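To start, I am sharing the structure in question, which I have written as structure tokens.
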Amino acid sequence: DAGVIQSPRHEVTEMGQEVTLRCKPISGHDYLFWYRQTMMRGLELLIYFNNNVPIDDSGMPEDRFSAKMPNASFSTLKIQPSEPRDSAVYFCASSLIRVGTDTQYFGPGTRLTVL
Amino acid sequence: GQQLNQSPQSMFIQEGEDVSMNCTSSSIFNTWLWYKQDPGEGPVLLIALYKAGELTSNGRLTAQFGITRKDSFLNISASIPSDVGIYFCAGRGGYQKVTFGTGTKLQVIP
């Protein structure tokens with residue numbers, strides 16, 4: 001199994017530009033999570049989906065952020081317009097939640113730099 | 001929102017020494033999780049705890065779910081250089097939303 005796949009691995013953009021981060025979860029997993037990691041705030045949950053449906057987006061910082069999961073094998077996190085304070089590592093994780101198991105498998109992350 | 005305080009923030013230890021780190025919460029959790037993150041990678045689950053008082057081992061790692069359900073600790077025995085990384089605790093109160101601690105950065109001196 002290839003694990004969770006994220007693209008791009010690195011993104012450098014200018015303030016005001018639209019940024020789209022992509023994630024392919026592990027096949028068969030029914031939960032998908034988007035996290036943001038910064039030195040100041042650590043790992044923060046932004047949003048998560050169950051069977052492609054957004055369940056909790058209370059961690060999404062503001063309206064500039066949006067996430068979609070059009071099918072079980074693909075999700076996007078979009079920032080429009082981007083700002084320097086959005087610079088962070090964004091992780092996607094997926095899991096197959098069953099009683100007694102909590103393993104979320106994380107992707108390698110996308111390091112975003114907004115100039 | 002829920003806060004997870006993890007300590008220490010960083011540690012330098014000699015190879016072969018034991019390590020202990022802990023996590024406290026302002027709220028009760030139903031599940032405690034411990035992750036390790038290597039540079040340039042995503043976190044990887046080390047141990048999951050599901051019951052108050054539970055003590056679980058994974059090789060040289062041992063973790064406990066506190067009786068009050070507001071704390072947990074992780075011990076690493078006989079540290080080796082590949083233990084270097086950032087260790088995160090995480091708690092799950094309900095549904096699938098997980099709150100992460102601030103991390104403990106571990107450096108092992110050979």
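What you see is a predicted model; the values in this text were computed from it and never measured. Letters A, B, ... mirror the listed sequences (proteins, then strands); counts begin at 1.
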**Study point:** Contact class of A:Leu43 relative to chain B, heavy atoms under 4.5 angstrom
**Key:**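 Looking at A:Leu43, backbone and side chain both touch chain B.
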Practice item. Measure distances from A:Arg9 to the heavy atoms of chain B and classify the residue's part below 4.5 Å as side chain, backbone, both or neither. Key: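 Contact with chain B: side chain only.
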Practice item. Count the heavy atoms belonging to other residues, nucleotides or ligands that lie under 6.0 Å from CD of A:Gln80, then report whether that count exceeds 12. Key: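 Yes, because the 6.0 Å sphere around CD of A:Gln80 holds more than 12 heavy atoms from other groups.
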Exercise for review: Report the relative orientation of the aromatic rings in A:Phe106 and A:Tyr35; use parallel for angles under 30°, tilted for 30 to 60°, perpendicular for over 60°.
Suggested key: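 The rings of A:Phe106 and A:Tyr35 sit tilted, inter-plane angle from 30° to 60°.
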Review point. Just checking heavy atoms, which of residues 51-76 of chain A are less than 4.5 Å from chain B?
Key: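 Interface residues of residues 51-76 of chain A: A:Asp56, A:Ser58.
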Practice item. Just say parallel, tilted or perpendicular for the rings of B:Phe88 and B:Phe100, cut-offs at 30° and 60°. Key: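 B:Phe88 and B:Phe100: perpendicular rings.
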What donor-acceptor contacts under 3.5 angstrom involve side-chain atoms of residues 36-43 of chain B, with partners at least two apart or in another chain?
residue, atom, partner, partner atom, Å
B:Lys36, NZ, B:Asp38, OD1, 3.2
B:Lys36, NZ, B:Ser82, O, 2.7
B:Lys36, NZ, B:Val84, O, 3.3
B:Gln37, OE1, A:Gln37, NE2, 2.9
B:Gln37, NE2, A:Gln37, OE1, 3.0
B:Gln37, NE2, B:Glu41, O, 2.9

Exercise for review: Drop me the distance from A:Thr13's OG1 to A:Ile79's CD1, to the nearest 0.5 angstrom.
Suggested key: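 Those atoms lie 9.5 Å apart.
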**Study point:** Residue pair A:Pro84 / A:Val114, side-chain heavy-atom distance below 4.5 Å
**Key:**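 Yes. Closest side-chain heavy atoms under 4.5 Å.
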**Study point:** A:Phe49, CZ: over 12 other non-hydrogen atoms inside 6.0 angstrom
**Key:**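 More than 12 within 6.0 Å, yes.
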**Study point:** Contacting region of A:Phe33 [heavy-atom separation from chain B under 4.5 Å]
**Key:**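 The answer is the side chain of A:Phe33.
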